[in-house]
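Following: one structure in structure tokens, then a few remarks.
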Amino acid sequence: MVKMSIKILHIDSNNPVLWNGLEEAGFENHADFKSSKEEIESKIQEYNGIVIRSRFKIDKTFLDKATKLQFVARVGAGLESIDCDYAETKGIHLIAAPEGNRNAVAEHSLGVILSLFNNLNQADAEVRAGHWNRESNRGHELDGKTVGIIGYGNMGKAFAKKLRGFDVEVLCYDILENVGDENAKQVSLKELQQKTDVLSLHLPWTPETDKMVDANFINAFAKPFWIINTSRGKNIVTADLVEAMKAKKVLGAGLDVLEYEKLSFETLFQDKNTPEAFQYLLEAKNVLLTPHIAGWTFESHERLAQVIVDKIRVVYGK
């Protein structure tokens, strides 16, 4: 099949690098950022490829209607919005771009830890309100601590690399064997829970990781610890996290993702029903919340787009 015959539907806006790069490579781009899932399904049989972010799920129904589909490309790190198993039975290539925002996630994770340890957000708010509170904002140093990373893929490895400038022990746990490197020692989950002072999650959302961080998981840690989550919100049971914070088992939390997020992040709490556990997080001084922006830098926006272009070209040998 020649390149010019490959029709690609973009259902989310992305950096112009993506559209322009595919066009320059000879692919035929089409855009539809507003139609409903059902409306897209009515015409998807015309397309060989689809480029998405997070507008809706690519499920069995959608894939059955996409009779000419050869690839699904998600401009992001994960593929949980796609029925991957069913797509693979149809020979559809699945493309993601974790390489595109791993550095952004790593820098964000480090920034969150340093902010929590030094009460930067709290201190800034107090000074702006006219309060000069030094003792209550006495911080902690990262040096000498043990950082545990769960999930040692693109994101976890990039974060461990950023920690090289600190005098810390870095441990990693992953379901895959032999992923440790010069930046992190791979250990069992039990050993990680025995030694960790700061836990950073870099996991996909799968049936195995869903609600993984619950009361039992938290209580298995030998020491009180800080937790950072820049992966997926549903990996943590928020109510259990809050109870652990009340009990001082968790000393602080930096959450870029939330259990309550809708598939499309911008609609979070559209119904204005704030869960009780989240209300606690909103009011807690030892919590830092950000709106799923860990991988959302200007640089990663462009890099993600370029990675997708490169990977689509590889599929077609171009």
Side-chain angles (χ1 to χ4, degrees), residues 53-57 76-78 80-81 101 104-105 108-126 128-129 136-137 148-151 155 159 196 198-221 224-296:
R53 283 198 294 120
S54 301
R55 190 145 69 90
F56 53 69
K57 285 186 69 68
E80 64 269 19
S81 61
N101 60 359
V105 169
H108 183 100
S109 300
L110 182 58
V112 167
I113 290 175
L114 295 177
S115 181
L116 283 174
F117 269 38
N118 294 283
N119 303 308
L120 298 184
N121 285 55
Q122 175 183 312
D124 175 77
E126 289 176 357
R128 292 173 187 274
S136 63
N137 284 305
I149 299 173
I150 297 185
M155 309 303 171
F159 178 50
T196 289
V198 180
L199 176 66
S200 190
L201 302 180
H202 297 279
L203 297 160
W205 181 41
T206 69
E208 290 73 28
T209 65
D210 185 55
K211 300 179 175 60
M212 183 184 79
V213 181
D214 59 9
N216 291 332
F217 182 94
I218 292 169
N219 290 330
F221 281 75
F225 64 99
W226 287 264
I227 186 168
I228 309 298
N229 189 13
T230 56
S231 55
R232 291 294 182 262
K234 289 182 173 60
N235 293 336
I236 295 179
V237 179
T238 311
D240 290 356
L241 172 64
V242 166
E243 290 305 309
M245 296 186 74
K246 291 177 180 178
K248 309 299 184 186
K249 181 68 175 184
V250 173
L251 302 172
L255 306 175
D256 183 54
V257 289
L258 296 166
E259 179 183 0
Y260 316 105
E261 289 180 52
K262 304 295 192 295
L263 183 64
S264 182
F265 310 130
E266 291 82 357
T267 63
L268 182 62
F269 301 137
Q270 198 171 50
D271 55 9
K272 298 183 180 179
N273 292 323
T274 304
E276 184 178 347
F278 183 64
Q279 190 61 45
Y280 175 90
L281 297 177
L282 290 174
E283 298 170 3
K285 292 184 177 181
N286 58 340
V287 174
L288 185 60
L289 301 170
T290 50
H292 207 127
I293 57 169
W296 201 248

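Quick note: residue numbers are just sequence positions, from 1. Source: prediction; values computed, not measured. Reckoned from all heavy atoms, side chains included, excluding hydrogens, waters and symmetry mates.
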Lys249: salt bridge (charged side-chain N to carboxylate O under 4.0 Å, His left out) partners, not counting sequence neighbours: none
For a 4.5 angstrom cut-off between non-hydrogen side-chain atoms, does [X] reach [Y]?
X      : Y      : value
Glu126 : Asn119 : no
Val287 : Met245 : yes
Met155 : Ile149 : no
Val250 : Phe225 : yes
Phe221 : Leu199 : yes
Ser109 : His202 : yes
Trp205 : Val257 : no

Donor on one side chain, acceptor on other, Thr230 and Asp256, under 3.5 Å: no
Looking only at non-hydrogen atoms, find the nearest pair between [X] and [Y] and report the distance.
X      : Y      : answer
Phe217 : Asp214 : N-OD1, 2.9 Å
Val112 : Gly254 : CG1-CA, 3.6 Å
Gly252 : Leu116 : C-CD1, 4.4 Å
Gly295 : Asn101 : O-CB, 3.5 Å
Arg53  : Trp296 : NH1-CH2, 3.3 Å

Rounded to the nearest 0.5 Å, what separation is found between the [atom1] atom of [X] and the [atom2] atom of [Y]?
X      : Y      : atom1 : atom2 : value
Ser200 : Ile227 : OG    : CD1   : 8.5 Å
Leu255 : Leu201 : CG    : CG    : 9.5 Å
Ile218 : Glu243 : CD1   : CD    : 10.0 Å
His108 : Ile293 : NE2   : CD1   : 5.5 Å
Leu110 : Ile228 : CG    : CD1   : 10.0 Å

Contact list for residues 277-286, test side-chain hydrogen bond (donor to acceptor under 3.5 Å, both in side chains), sequence neighbours left out: Gln279-Glu283
Sidechain-backbone polar pair: Asn118 side chain, Leu120 backbone, donor-acceptor under 3.5 Å: no
For residues 233-242, which side-chain N or O atoms pair as donor and acceptor with protein atoms under 3.5 Å away, sequence neighbours left out?
| from | atom 1 | to | atom 2 | distance (Å) |
| --- | --- | --- | --- | --- |
| Lys234 | NZ | Glu259 | O | 3.4 |
| Lys234 | NZ | Glu261 | O | 3.3 |
| Asn235 | OD1 | Thr209 | OG1 | 3.1 |
| Asn235 | ND2 | Ser231 | OG | 3.3 |
| Asn235 | ND2 | Arg232 | O | 3.4 |
| Thr238 | OG1 | Glu259 | OE1 | 2.7 |
| Asp240 | OD2 | Ala215 | N | 2.9 |

Aromatic plane relationship, Tyr260 with Phe278 - under 30° parallel, 30 to 60° tilted, over 60° perpendicular: perpendicular
